[in-house]
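Only this structure's heavy atoms are used, side chains among them; waters, hydrogens and symmetry mates stay out. Each chain gets a letter, A, B and so on, in the order its sequence line appears, and its residues count up from 1.
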2 protein chains.
Amino acid sequence: MSTIRDVAKEAGVSVATVSRVLNNKGYSHEDTKKRVNEAIKKLKYKPNEVARSLFNKKSRLVGLLLPDIRNPFFPELARGVEDEMQEQGLHLIIGNADEKPEKEIEYIQTFKQNNVIGIISATNHAETTPYKNLSFPVVFLDRTTNSHPSVYGDGYNGGKKAAYEIIRRGSKRIALLRGPAELMTAQDRFKGALDELCNSNVDFHVISSSFSFDDAEKMAITLFENYPDIDGVIASNDLSAAAILHEALRIGRSIPNDIQIIGYDDIPLSRLLFPPLSTIRQPAYDMGREAAKLLMKIINNKPLLQKNIQMPVTFIERQTTRKVEEND
Amino acid sequence: MSTIRDVAKEAGVSVATVSRVLNNKGYSHEDTKKRVNEAIKKLKYKPNEVARSLFNKKSRLVGLLLPDIRNPFFPELARGVEDEMQEQGLHLIIGNADEKPEKEIEYIQTFKQNNVIGIISATNHAETTPYKNLSFPVVFLDRTTNSHPSVYGDGYNGGKKAAYEIIRRGSKRIALLRGPAELMTAQDRFKGALDELCNSNVDFHVISSSFSFDDAEKMAITLFENYPDIDGVIASNDLSAAAILHEALRIGRSIPNDIQIIGYDDIPLSRLLFPPLSTIRQPAYDMGREAAKLLMKIINNKPLLQKNIQMPVTFIERQTTRKVEEND
DNA sequence: TTGAAAGCGCTACCAC
DNA sequence: GTGGTAGCGCTTTCAA
């Protein structure tokens with residue numbers, strides 16, 4: 001690996017000059033520029049990012065903190081963030097907080113120690129101390145906070161839509177999954193659905209659930225044991241919806257005739273389920289991209305039109321809900 | 001952010017001493033150690049990893065290159081790698097090569113420029129130049145190479161098993177999906193299945209397929225159009241299996257009575273499909289962990305028992321294959 | 001327009 | 001056992 005010294009020697013100039021043409025800063029003669037650039041090419045010189053970072057106190061790295069990389073929703077977010085960052089010549093250190101605050105703190109530490117220029121975090125603890133007094137900006141993704149800029153899906157309306165669509169299609173005894181109590185996004189969609197349910201003439205049960213794979217299956221089994229008469233489920237995310245769909249078919253219910261199911265997120269696999277899952281779509285990829293853009297704006301001191309960006313969600317009608325009569 | 005100087009001043013010693021107790025190198029008096037450690041705590045000092053890295057030419061970062069973060073198999077690998085690294089106090093820069101060689105090269109560049117201590121790569125281009133002449137070790141994951149250390153599933157036997165189990169359960173006209181031709185792992189499992197099919201009295205068709213979401217669905221549709229009489233499908237991975245399962249049910253085939261389907265990978269969602277997918281399980285999480293361990297051994301110059309670690313695969317019997325008669 | 005030199009925070013050598 | 005100091009590769013004054 002050649003250094004700036006080698007380039008300077010090769011081009012017959014000083015390292016200062018090389019640095020200047022490298023960064024397009026200060027003056028430098030066209031001819032000198034040319035010679036330097038030739039030397040760079042010849043030696044295949046790439047600046048040492050670590051040395052740069054040490055001096056500038058800024059790397060080209062952005063920290064991305066995910067709560068659970070196994071939930072397909074998050075890789076989708078990550079892709080959006082990554083693609084946008086890549087276009088800006090930036091790179092990602094991805095940390096998987098695994099829903100554990102200690103891990104989260106550790107990763108933030110690492111991000112700091114590596115001079116990241118910013119953090120995008122999709123974890124559940126936006127209001128906790130590790131995010132305070134940071135010397136670089138933090139953007140929350142898929143989380144609502146007032147303390148920080150953020151990008152998130154319109155959970156309240158999503159929940160409302162889910163309830164509206166399932167009621168409209170004739171479910172009368174609905175199970176409403178609540179999702180983790182500490183998760184604002186889960187609670188938003190829950191509240192939306194709750195409000196809609198309260199305003200209509202249907203019975204419903206509220207059931208606590210987690211967002212993880214392992215819990216989803218167990219929850220599905222107990223759900224049907226405890227409430228065998230339900231004819232509609234509003235799930236807290238697609239993972240739970242998949243588990244419920246699966247269990248419903250296993251015990252011989254017909255979908256969507258006996259039971260309608262509606263998910264949340266629209267992860268890529270939802271349309272590969274059978275029957276394909278009706279769900280509330282969050283534009284995960286775009287949310288990731290927006291968060292990256294927002295972070296870049298903050299870093300570059302560009303004016304912010306809005307600090308908290310709410311993304312619209314849409315009902316995706318597939319086949320776990322019944323067709324609605326045309327003349328509703 | 002306090003520096004080593006601040007700590008030295010606080011403890012009334014030199015920076016050299018602080019560095020020594022920090023790294024447990026060279027001599028230092030117990031009392032001095034204590035004082036230094038107190039100063040560290042008091043100032044909440046964390047060493048600047050960038051400065052360390054500049055001097056040592058080694059960071060605490062490991063590059064992880066994934067071909068497609070959206071395929072749930074890879075996050076699973078990533079988790080294994082991450083958990084092992086985390087226990088070693090190391091962190092990951094994750095790059096998503098997106099099956100594009102340019103992106104791959106760019107990420108390797110970034111890894112270099114950030115002084116990673118090693119790379120774990122799950123991409124398809126192990127034999128290409130970017131991996132040559134690197135100053136740090138590379139371990140390939142989910143890829144067979146002789147040029148580098150690697151950890152991979154036993155694809156040949158996996159394919160063989162898949163064919164064996166489906167034939168044993170009575171399929172007579174089988175579609176064998178081939179997976180991407182350039183992907184060694186895909187070809188291994190293909191060859192295994194092929195050999196097994198050739199040694200038995202069944203008809204079969206070989207069909208090319210990709211590993212991606214988007215292609216899987218189209219492929220499934222044409223598959224049944226072109227070969228309406230098949231009664232068994234050996235898929236190249238679980239994603240394609242899901243697409244086929246889905247399409248088969250859509251056109252009214254009964255699973256597993258009319259058609260048996262067997263997948264490959266055992267991604268977390270496979271058991272949530274309906275019917276739950278029979279598949280060949282690759283121990284993705286463990287493979288990730290093994291790859292991380294292997295890399296660490298190489299970095300620490302520990303003796304290697306084996307440079308290429310093949311992990312066993314197992315048949316997971318779920319419900320897209322028929323029950324076998326007890327007295328086979 | 002260019003170059004010499006200081007210094008980012010750290011480690012390791014060498015002298016005491 | 002401990003401290004002074006050079007230097008990792010880079011950027012940025014400041015003088016020339």
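- Between C/dT11, D/dT11, C/dT2, one nucleotide has an atom nearer to the side chain of B/Ile4 than all others, and that is C/dT11.
- When each of C/dG9, D/dT11, C/dC10 is scored by its nearest atom to the side-chain atoms of A/Leu22, the top-ranked nucleotide is D/dT11.
- Rounded to whole Å, the distance from CZ on B/Arg5 to P on C/dC8 is 7 Å.
- Between A/Lys33 and A/Glu38 there is no salt bridge, since no side-chain N of the basic residue sits under 4.0 Å from a carboxylate O of the acidic one.
- Per the geometry, CG belonging to B/Asn48 stands 18 Å off P belonging to D/dC8, to the nearest Å.
- Side chain of B/Gln187 to main chain of B/Pro180: a donor-acceptor pair is present (N/O by atom type, distance under 3.5 Å, no hydrogens or angles).
- Computed from coordinates, the B/Asn114 CG to D/dG9 C1' distance equals 14 Å when rounded to whole Å.
- Atoms CG (A/Asn115) and P (C/dC8) sit 14 Å apart, rounded to a whole Å.
- Rounded to a whole Å, the CD1 atom of B/Ile40 is 10 Å from the P atom of C/dC10.
- Using a 4.5 Å heavy-atom threshold, the side chains of A/Ile40 and A/Leu22 count as touching.
- Atom P of nucleotide D/dC8 and atom CD of B/Gln113 are separated by 19 Å, given to the nearest angstrom.
- In this model, the phosphate group of C/dT1 is not approached by any side-chain N or O of A/Lys33 to a distance below 4.0 Å at OP1 or OP2.
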Practice item. Go through the steps to decide whether B/His91 and B/Arg60 satisfy the test side chain to side chain contact (heavy atoms under 4.5 Å, CB included), and finish with yes or no. Key: CA-CA 6 Å; B/His91 292 275; B/Arg60 287 173 192 241; 5.7 Å; no
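- Side-chain nitrogen and oxygen atoms of B/Ser14 include at least one within less than 4.0 Å of the OP1 or OP2 phosphate oxygen of D/dG3.
- Atom-to-atom, NZ of A/Lys58 to P of C/dG9 comes out at 15 Å; the value is rounded to the nearest Å.
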Any N/O pairs under 3.5 Å between the protein and nucleotides 12-14 of chain D? List them or say none.
{"residue": "D/dT12", "atom": "OP1", "partner": "A/Lys25", "partner atom": "NZ", "Å": "3.4"}

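- Of the possible donor and acceptor atoms, none in the side chain of A/Thr145 sits under 3.5 Å from a partner among the backbone N and O of A/Ser147.
- The phosphate of D/dG1 (OP1 or OP2) has no side-chain N or O of B/Thr32 nearer than 4.0 angstrom.
- Across all strands shown, B/Val50 has no heavy atoms under 4.0 Å from either base or sugar-phosphate atoms.
- Residues B/Ser19 and B/Ile4 are in side-chain contact: their nearest non-hydrogen atoms beyond the backbone lie under 4.5 Å apart.
- Between B/Arg35 and B/Asp31 there is no salt bridge, since no side-chain N of the basic residue sits under 4.0 Å from a carboxylate O of the acidic one.
- Within the 4.0 Å cut-off from OP1 or OP2 of D/dG3, not a single side-chain nitrogen or oxygen of B/Tyr27 is found.
- When the nearest nucleotides of DNA chain D are assigned to B/Arg35 and A/Arg52 by heavy-atom distance, the more 5′-ward of the two goes with B/Arg35.
- Contact annotation: A/Lys57 reaches the phosphate of C/dG9 (side-chain N/O to OP1 or OP2, under 4.0 Å).
- C/dT2 atom P lies 9 Å from atom CG of A/Asp31, rounded to whole Å.
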